[in-house]
Amino acid sequence: MMAKPLIVSIPHNLGQAEAMRRLQGGMTSLKSQFGDKVASINETWSGNRMDFHVGAMGQNVSGQLEVMQDQVRVEVQLPWILAMVAEKAKTFIQRQGTLMLEKK
């Protein structure tokens with residue numbers, strides 16, 4: 001049973017191409033930063049959209065992000081057990097996304 005998707009918008013002023021470049025590098029740093037907590041991170045880019053699957057704490061989380069000219073829209077399907085912490089997840093996604101976009 002899946003909960004409703006968690007949707008996060010992360011504003012930026014980098015333009016689409018630069019935001020995509022920074023996010024593509026950012027997933028690699030997430031893997032190294034949270035490698036002890038995350039069993040797997042898989043990402044597939046198609047144009048300005050990335051589909052991802054993360055295995056963590058015995059749960060599988062999937063979603064996609066869409067990079068636009070002035071924002072990144074992240075949509076995550078949380079298993080019902082993680083939906084209980086959706087607000088914390090939303091804050092975490094916004095913080096990590098902003099950090100990835102700020103890095104040169």
Side-chain angles (χ1 to χ4, degrees):
M1 185 172 116
M2 297 296 267
K4 66 179 183 177
L6 175 68
I7 297 172
V8 180
S9 291
I10 305 166
H12 67 81
N13 57 8
L14 301 169
Q16 187 179 45
E18 179 62 14
M20 284 177 59
R21 187 188 70 77
R22 293 184 189 194
L23 288 171
Q24 286 169 335
M27 289 304 281
T28 305
S29 69
L30 270 184
K31 289 176 192 173
S32 57
Q33 187 179 353
F34 297 103
D36 57 332
K37 297 172 187 66
V38 175
S40 65
I41 297 179
N42 298 311
E43 63 182 276
T44 307
W45 283 90
S46 175
N48 67 326
R49 177 185 159 134
M50 179 185 76
D51 293 300
F52 61 88
H53 299 278
V54 179
M57 301 179 292
Q59 299 294 316
N60 289 311
V61 176
S62 63
Q64 62 268 340
L65 63 81
E66 185 178 356
V67 182
M68 293 171 256
Q69 198 63 26
D70 60 352
Q71 70 171 320
V72 176
R73 182 183 181 278
V74 184
E75 184 174 319
V76 183
Q77 294 289 340
L78 292 173
W80 66 270
I81 197 151
L82 294 179
M84 293 183 284
V85 294
E87 278 309 308
K88 285 184 182 175
K90 187 173 186 173
T91 302
F92 176 79
I93 292 166
Q94 285 176 315
R95 185 170 47 239
Q96 291 301 316
T98 300
L99 286 173
M100 280 189 236
L101 290 167
E102 285 174 352
K103 287 184 180 171
K104 307 251 182 305

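Predicted, not measured: the structure shown is a model, and the values here were computed from it.
- Distance check, rounded to the nearest 0.5 Å: CD1 of I10 to CZ of R73 gives 12.0 Å.
- Atom CD of E66 sits about 10.0 Å away from atom CD of E75, to the nearest 0.5 Å.
- Separation of atoms CG (N48) and CG (L23) is listed at 11.0 Å; rounding is to 0.5 Å.
- At a threshold of 4.5 Å between non-hydrogen side-chain atoms, the residues V67 and W45 count as touching.
- Note that the CD atom of Q77 and the CG atom of L6 stand 9.5 Å from one another [nearest 0.5 Å].
- Nearest approach of M20 to G47, heavy atoms of both residues: CE-O, 3.1 Å.
- Taking hydrophobic clusters as Ile, Leu, Val, Met, Phe, Trp and Tyr residues chained together by side-chain heavy-atom distances below 4.5 Å, V76 shares a cluster with F92.
- L99 and M50 fall into different hydrophobic clusters, where Ile, Leu, Val, Met, Phe, Trp and Tyr side chains are chained together by heavy-atom contacts under 4.5 Å.
- The OG atom of S9 lies 11.5 Å from the CG atom of L65; values are rounded to the nearest 0.5 Å.
- Taking the side chain as every heavy atom from C-beta outward, V61 and P79 approach each other to under 4.5 Å.
- Inter-residue side-chain proximity for H12 and R22 is flagged as unmet; no heavy-atom pair is nearer than 4.5 Å.
- Note that CG of N13 is 13.0 Å distant from CD of Q71, once rounded to the nearest 0.5 Å.
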